[in-house]
Amino acid sequence: MRILIGADHGGYLLKESLKAHLAAQGHEIEDVGTHSADATDYPDVALKVARGVAKGEAERGILICGTGIGMAIVANKVPGVRAANITDPRVVRLAREHNDANVLTLAGRFTPPEDAAEIADAFLAAAFTGDERHVRRIGRISEIDDARQGL
Ligand code: RB5
């Protein structure tokens with residue numbers, strides 16, 4: 001699967017380990033940065049990944065900052081993006097099955113690399129159920145995206 005990945009300084013180290021894990025599984029990874037542990041601002045990284053996913057340049061995006069929260073806030077401003085900040089491996093499958101999440105955000109300062117790998121694997125493997133109730137709810141999200149100019 002083609003994946004866009006990005007991080008700020010709070011997620012840099014976890015990004016490097018997760019990138020290696022995903023590449024070893026045969027995924028095609030494009031890393032939009034950051035490329036060092038120097039302080040950088042997460043909104044621009046989040047926007048690059050979110051826009052790429054919204055445009056269909058990659059099937060999924062993964063964003064990592066200290067908490068995953070800032071990345072999720074920014075990514076969810078891009079119409080068509082449904083970003084889920086996951087800190088517990090038990091809930092990631094539902095983010096795909098119910099919410100059809102297309103961007104995963106992770107907490108670089110709080111998520112051990114093995115948990116991040118488990119979360120990312122589940123995020124990439126799980127599919128949207130397509131159940132009518134979930135399709136209806138995702139449809140409402142798309143309508144809200146479309147109406148956002150007027151909010
Ligand atoms: C940077 O210190 C930190 O605020 C950032 O990595 C992230 O956690 C924001 O949500």
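Along the sequence shown, residues carry numbers from 1.
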Strictly distance-based, threshold 3.5 Å: is any side-chain N or O of R148 a donor or acceptor partner for the main-chain N or O of K77? yes
Min side-chain heavy-atom separation K19-E16 under 4.5 Å: yes
Within 6.0 angstrom of R90 CZ, more than 12 heavy atoms from elsewhere: no
Which pair of non-hydrogen atoms, one from P89 and one from I119, has the smallest distance, and what is that distance? CA-CG1, 3.7 Å
On a heavy-atom basis, which atom in H35 and which in Y12 lie closest, and how many Å separate them? C-CE1, 3.5 Å
Heavy-atom nearest pair, N85 first then A72, reads CB-CB, 4.2 Å
Just by modelled atom types, is the G80 backbone N or O under 3.5 Å from a matching donor or acceptor in the N102 side chain? yes
Hey, does V74 have a side-chain heavy atom less than 4.5 Å from the side chain of L63? no
For the residue pair V135 and F128, establish whether any side-chain heavy-atom pair is separated by less than 4.5 Å. yes
Pairs satisfying ring-ring contact (aromatic ring centres under 6.0 Å, His included), at least one member in residues 82-105, at least two apart: H98-H134
Closest contact, heavy atoms only, A46 versus A75: CB-N, 4.4 Å
Could you grab the distance from atom CD1 of I73 to atom OG1 of T67, nearest 0.5 Å is fine? 8.0 Å
Examine V92 and L22 and state if one hydrophobic cluster contains both, with Ile, Leu, Val, Met, Phe, Trp and Tyr joined whenever side-chain heavy atoms are less than 4.5 Å apart. yes
To the nearest 0.5 Å, tell me how far E28 CD sits from I3 CD1. 9.0 Å
Flag, side chain of R82 to backbone of I141, donor-acceptor distance under 3.5 Å: no
Testing the basics here: between A120 and L104, what is the closest heavy-atom pair and its distance to 0.1 Å? CA-CD2, 3.9 Å
Do I5 and I69 land in one hydrophobic cluster if side-chain heavy atoms of ILVMFWY residues count as linked below 4.5 Å? no
Within the structure provided, determine whether P113 and L14 are in side-chain contact (heavy-atom separation under 4.5 Å). yes
Do any N or O atoms from the side chain of K15 and from the backbone of T34 form a donor-acceptor pair under 3.5 angstrom? yes
Which distance, rounded to the nearest 0.5 Å, do you find between the NZ of K48 and the CG of L4? 10.5 Å
Is V103 linked to M71 within one hydrophobic cluster, defined over Ile, Leu, Val, Met, Phe, Trp and Tyr using a side-chain heavy-atom separation of less than 4.5 Å? yes
R2 side chain to E57 main-chain N or O, any donor-acceptor pair under 3.5 Å? yes
Separation between CG (L106) and CD1 (I64), nearest 0.5 Å, reads 5.0 Å
Spell out, yes or no, whether L18 and L124 are grouped together once hydrophobic residues are joined by side-chain heavy atoms under 4.5 Å, including indirect joins. yes
Are I138 and V91 linked, directly or through other ILVMFWY residues, by side chains that come within less than 4.5 angstrom of each other? no
What's the shortest heavy-atom distance between A83 and T105, and which atoms? CB-CG2, 4.3 Å
With the side chain counted from C-beta on, respond yes when R60 and R96 share a heavy-atom pair under 4.5 Å apart, and no when they do not. yes
Atom pair CZ/CG of R137 and D131 - distance to nearest 0.5 Å: 9.5 Å
Check: E97 main-chain N/O paired with T129 side-chain donor or acceptor under 3.5 Å: yes
Pairs flagged by side chain to side chain donor-acceptor pair (under 3.5 Å) wherever residues 111-121 is involved - sequence neighbours left out: H21-D121, Q25-D121
